[in-house]
Protein chains: 2
Amino acid sequence: MGKRSYGQYCTVARALDVIGERWTLLLVRELLTGPKRFKDLLAGLPGIGTNLLTGRLKALEEDGIVRRTVLPPPAGSRVYELTDLGRSLEPVIVELSRWGAGLLGAPRGEEDLRPAWAAVALRSVFDAEAASAPKETYEFRIDGEVFHVRIEGGGVEARQGPADDPDLVVVGATEAFLAVAAGRMRPEEAVEAGSIRASESRDDDALVRCLEMLQPVASGSG
Amino acid sequence: MGKRSYGQYCTVARALDVIGERWTLLLVRELLTGPKRFKDLLAGLPGIGTNLLTGRLKALEEDGIVRRTVLPPPAGSRVYELTDLGRSLEPVIVELSRWGAGLLGAPRGEEDLRPAWAAVALRSVFDAEAASAPKETYEFRIDGEVFHVRIEGGGVEARQGPADDPDLVVVGATEAFLAVAAGRMRPEEAVEAGSIRASESRDDDALVRCLEMLQPVASGSG
DNA sequence: CGGAATCCTCTTCGATACTG
DNA sequence: CAGTATCGAAGAGGATTCCG
């Protein structure tokens, strides 16, 4: 069966023909921070069901957005990762994240909460400020999971795993990072309250610079 | 019945909870160029069905993205328009459009084709170059429908209707504009082939500047 | 463990017809 | 025109099972 299409010769419609179905962009979000195994994806997409995940992955593979690979030893696990075309969806996710940040109030009852989602939100906040930022690398330890954000040449990369030689290591809870990224809490508040703290820092200014980049969102988004 | 939600405390998921359903972002695309009546929306979203359009509009109204208004006299028609929150979705549409441009080949058999979609695609191309651009206004007459693009202070606005005092008026066919916006055809080619032409211009350089802004995409997107 | 396939129920979609 | 009502078709989603 051919997939459903809007049947419009339009750039936006064509994009949505490919990545507009339910779960698809969240699947891309999961892969944005690095390759993932099938069961990792299942865990990051609560409620999707194995059949649907299989179907989406197959469609994305056919469209050249996702690729199956085997991780180098000693891992050796079969994983899914984004192709270049898939990674070029990053600006879409970033804008969605920035828009969604304004709608994100307090967690509702029984809503899932994962460290990786805070990493994506942080990435979209830094993205807005990266143009005027110096080259810098931050490591985030969010509820035990480790990510790093590299800011360089106006671009931003957020990936899972530790950074080598980070300028700053920040430790905190998922909800605190999300509250800051969504502009619900000023970064200094979070630091003062102890829900976010610098654990290692190359120089004292690194934390200040990091917080300054997170700052504009708090005031900017209405 | 509450609407379906991913149930994730995540900025991206929250955005998709609101605008992730089928047709919703295309509906926003339609309103991006200005207020529209119900039947205009139906015409711009072939295949949607009246019940679904009604439902989507109602949901968007409840979420503060769309507002019902009456156009000032002599029009006096009931229309739907974007709120500020709705308009802030523009970056999302722009990025989707830029991503989709790379996938947009030649029109497939029986695909719909509307002038307004070319206007949206043009807007997303200009958006990338607006930061370094001077203040300028272009009027586009696409298969008889009139739009204008205003570039000012790094921002871009694309709306339906004529511009007052445009620096340049460009006339052409929908498909030609889309081919250029998608990078399938270099702007000078389109001009040489006569499928796009300047009908009025404040100075001779206006067309050159306009084409230069359209140029980088042709080479940039694979 | 990593997935694919099946079954069943529910919701949503999409097209048409109908009403204020 | 601007919607509501209706109904068959398609997709979502949860459980379970099978296979390598």
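Chain naming here is simple, since letters A, B, ... match the order of the sequence lines and numbering starts at 1 in each.
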State whether the side chain of [X] and the backbone N or O of [Y] hold a donor-acceptor pair below 3.5 Å, judged by distance alone.
X      : Y      : answer
A:T137 : A:D167 : no
B:Y6   : A:R22  : no
B:E30  : B:L27  : no

Round to the nearest Å and state the distance from [X] atom [atom1] to [N] atom [atom2].
X     : N      : atom1 : atom2 : value
B:I48 : C:dT12 : CD1   : C1'   : 13 Å
B:K58 : D:dA2  : NZ    : P     : 15 Å
A:L52 : D:dG11 : CG    : C1'   : 9 Å
A:L71 : C:dG2  : CG    : C1'   : 15 Å
A:L53 : C:dA5  : CG    : P     : 14 Å

>> Tell me the closest heavy-atom pair linking B:L104 and A:T11, and the distance in Å.
In response: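 What the structure gives for the nearest pair is CD2-CG2, 3.9 Å.
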>> Minimum heavy-atom separation for A:A119 and A:I142, please, with both atom names.
In response: N-CD1, 4.2 Å
>> What residues from residues 38-46 of chain A pass a heavy-atom cutoff of under 4.0 Å to DNA chain C?
In response: A:F38, A:K39
>> Give the residues of residues 10-26 of chain B touching DNA chain C, defined as any heavy atom closer than 4.0 Å, sorted by residue number.
In response: B:R22, B:W23
> Under 3.5 Å, is there a donor-acceptor pair linking the side chains of B:S88 and A:W99?
Replying inline: yes
> Are B:D84 and B:R87 ion-paired here, with the side-chain N under 4.0 Å from a carboxylate O?
Replying inline: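 Here B:D84 does not pair with B:R87 in a salt bridge, since their nearest N and O are not under 4.0 Å apart.
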>> Does this structure show an ion pair linking B:R14 with A:E111, if we count only N-O contacts that are shorter than 4.0 Å?
In response: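 Salt bridge between B:R14 and A:E111, a charged N being under 4.0 Å from a carboxylate O: yes.
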Ignoring backbone atoms, establish whether [X] has a side-chain N or O less than 4.0 Å from OP1 or OP2 of [N].
X     : N     : result
B:Y80 : D:dG3 : yes
B:R68 : D:dG3 : yes
A:R78 : C:dC1 : no

>> Whether the side chain of B:T50 and the base of D:dT4 hold a donor-acceptor pair under 3.5 Å is what I'd like checked.
In response: yes
> NA contact type, B:G47, heavy-atom cut-off 4.0 Å: base, sugar-phosphate, or nothing?
Replying inline: sugar-phosphate
From [options], nucleotide with atom closest to [X] side chain:
X     : options              : result
A:N51 : C:dG14, C:dG3, C:dC7 : C:dC7
B:R56 : C:dT12, D:dA2, C:dG3 : C:dT12
A:R4  : D:dA10, D:dC1, C:dA5 : D:dA10

Would you be so kind as to tabulate the donor-acceptor pairs closer than 3.5 Å made by side chains of residues 157-164 of chain A, with sequence neighbours excluded?
unit_1 : atom_1 : unit_2 : atom_2 : d
A:Q160 : OE1    : A:K36  : NZ     : 3.1
A:Q160 : NE2    : A:P35  : O      : 3.1

